[in-house]
Protein chains: 2
Amino acid sequence: METNNITNDIPDIEVLFDLADLFKVFGDSTRLRIMYILSSGELSVLAIAEGLGMEQSTISHQLRVLRQNKLVRVRRDGKQMYYSLDDDHVQKIIEMGLEHVLE
Amino acid sequence: METNNITNDIPDIEVLFDLADLFKVFGDSTRLRIMYILSSGELSVLAIAEGLGMEQSTISHQLRVLRQNKLVRVRRDGKQMYYSLDDDHVQKIIEMGLEHVLE
DNA sequence: TGAACATATGAATAGATGTTCATTTGTTAA
DNA sequence: TTAACAAATGAACATCTATTCATATGTTCA
């Protein structure tokens with residue numbers, strides 16, 4: 001019965017384009033570093049920028065990409081916006097990738 | 001003890017750059033389609049090109065990228081080169097991505 | 001209200017990347 | 001060995017994308 005290929009899990013080729021778009025988001029070291037630093041807990045934009053030693057604007061632009069792809073969540077507290085990882089998939093996708101990279 | 005973040009799984013920031021490079025490979029629909037079509041079994045370069053309706057050269061270029069990242073394997077049989085998926089990580093990474101895309 | 005601060009946004013630029021065309025390399029079989 | 005076929009490669013081009021600078025939006029607090 002059920003073979004172990006992915007054929008059954010991909011109903012439509014259209015989905016592959018969406019999937020490529022998702023992986024594109026993971027395919028940038030700045031965004032990956034943002035997700036990494038957020039894995040310890042929520043942080044403000046400035047805290048992320050300082051933590052990574054990058055410009056506030058750069059981080060803000062990339063956070064937008066992450067937000068649009070539902071990989072991070074935002075919460076406002078006063079003047080600050082606190083970002084955190086959105087769901088478990090983020091971590092799982094990264095872990096799967098790591099297994100491949102580290103082997 | 002062991003919290004459920006990914007901090008412990010990422011020993012070095014350097015690795016994040018390698019990881020981004022890996023995800024870059026998944027972040028292209030042509031390469032993703034190649035991996036998809038290979039999930040049914042090994043295929044020659046021409047068979048892939050015809051299956052996807054793309055140029056032989058395009059496929060060959062992308063197969064090289066997949067090869068360099070150890071995502072596909074090659075085997076020569078006469079004039080033809082038969083490509084197949086390299087390991088389980090390929091499928092697992094794609095499946096994780098799909099879970100996110102399809103939700 | 002207005003000054004100070006945090007974040008978002010837009011335009012511009014530089015660098016990366018995918019595809020195509022033309023050609024080369026490598027293999028088979030006559 | 002040579003013709004025919006399969007795959008790989010290189011150069012050129014067009015497109016996309018990440019970063020930066022400058023500025024706008026939004027919030028707090030005096």
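No experiment lies behind these values; they were computed from the predicted model shown. Computed over heavy atoms, backbone and side chain alike; hydrogens, waters and symmetry mates excluded. So you know, we letter chains A, B, ... as the sequences are listed, proteins then strands, and number each from 1.
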[X] side-chain proximity, nearest of [options]:
X: B:Lys79; options: D:dA7, C:dG10, D:dC5; value: D:dC5
X: B:Met81; options: D:dA8, D:dA18, D:dT20; value: D:dA8
X: B:Gln80; options: C:dT17, D:dT19, D:dA6; value: D:dA6
X: A:Gln56; options: C:dA8, D:dG26, D:dT19; value: C:dA8
X: A:Glu55; options: D:dA18, D:dC21, C:dG26; value: D:dC21
X: A:Val45; options: D:dA8, C:dT7, D:dT19; value: C:dT7
X: B:Arg31; options: C:dG18, D:dT19, D:dT28; value: C:dG18
X: A:Ser57; options: C:dA6, C:dG26, D:dA22; value: D:dA22

Kindly work out whether a path of hydrophobic side-chain contacts (I/L/V/M/F/W/Y, heavy atoms less than 4.5 Å apart) joins A:Val15 to B:Met35.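 Cluster IDs for A:Val15 and B:Met35 match.
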Looking only at heavy atoms, what is the nearest atom pair of A:Ser29 and B:Ala20, with distance? N-CB, 3.6 Å
Scan residues 50-63 of chain B for pairs that pass side-chain hydrogen bond (donor to acceptor under 3.5 Å, both in side chains), counting only residues two or more places apart or in two chains.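 Non-adjacent pairs meeting side-chain hydrogen bond (donor to acceptor under 3.5 Å, both in side chains): B:Arg31-B:Gln62.
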Taking pairing as Watson-Crick or G-U wobble with both contacts under 3.5 Å, can you name the mate of D:dA30, or confirm there isn't one? C:dT1
Length of the [atom1]-[atom2] vector between [X] and [N], whole Å:
X: A:Tyr82; N: C:dA6; atom1: OH; atom2: P; value: 10 Å
X: A:Asn69; N: D:dT17; atom1: CG; atom2: C1'; value: 14 Å
X: B:Phe26; N: C:dG18; atom1: CZ; atom2: P; value: 14 Å
X: A:Gln68; N: C:dA8; atom1: CD; atom2: P; value: 12 Å
X: B:Leu32; N: C:dG18; atom1: CG; atom2: P; value: 12 Å
X: B:Ile59; N: C:dT19; atom1: CD1; atom2: C1'; value: 11 Å
X: A:Asp77; N: D:dC29; atom1: CG; atom2: P; value: 10 Å
X: A:Leu66; N: C:dA8; atom1: CG; atom2: C1'; value: 15 Å

Would you say that B:Leu71 contacts B:Leu85 through its side chain, given a criterion of any heavy-atom pair below 4.5 Å between the two side chains? no
Between [N] and [X], is there an OP1 or OP2 to side-chain N/O distance shorter than 4.0 Å?
X: B:Arg64; N: D:dT9; result: yes
X: A:Tyr83; N: C:dA6; result: no
X: A:Ser60; N: C:dA8; result: yes

Using heavy atoms to find the nearest nucleotide of DNA chain D for A:Lys24 and A:Thr58 separately, return the residue whose nucleotide is more 5′.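 Result of the comparison: A:Lys24.
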Return the 5'-most residue of the pair A:Ser29, B:Leu63 with respect to DNA chain D, ranking by each residue's nearest nucleotide.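 Checking each residue's closest nucleotide, the 5'-ward one belongs to B:Leu63.
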Aromatic rings B:Phe23 and A:Phe26: how do their planes relate, parallel, tilted or perpendicular, breaks at 30° and 60°? tilted
Scan side-chain atoms only and decide if B:Arg75 and B:Tyr83 contain a donor-acceptor pair under the 3.5 Å cut-off. no
Ring-on-base stacking between B:His61 and D:dT9, under 5.5 Å between centres and under 30° between planes: is it there? yes
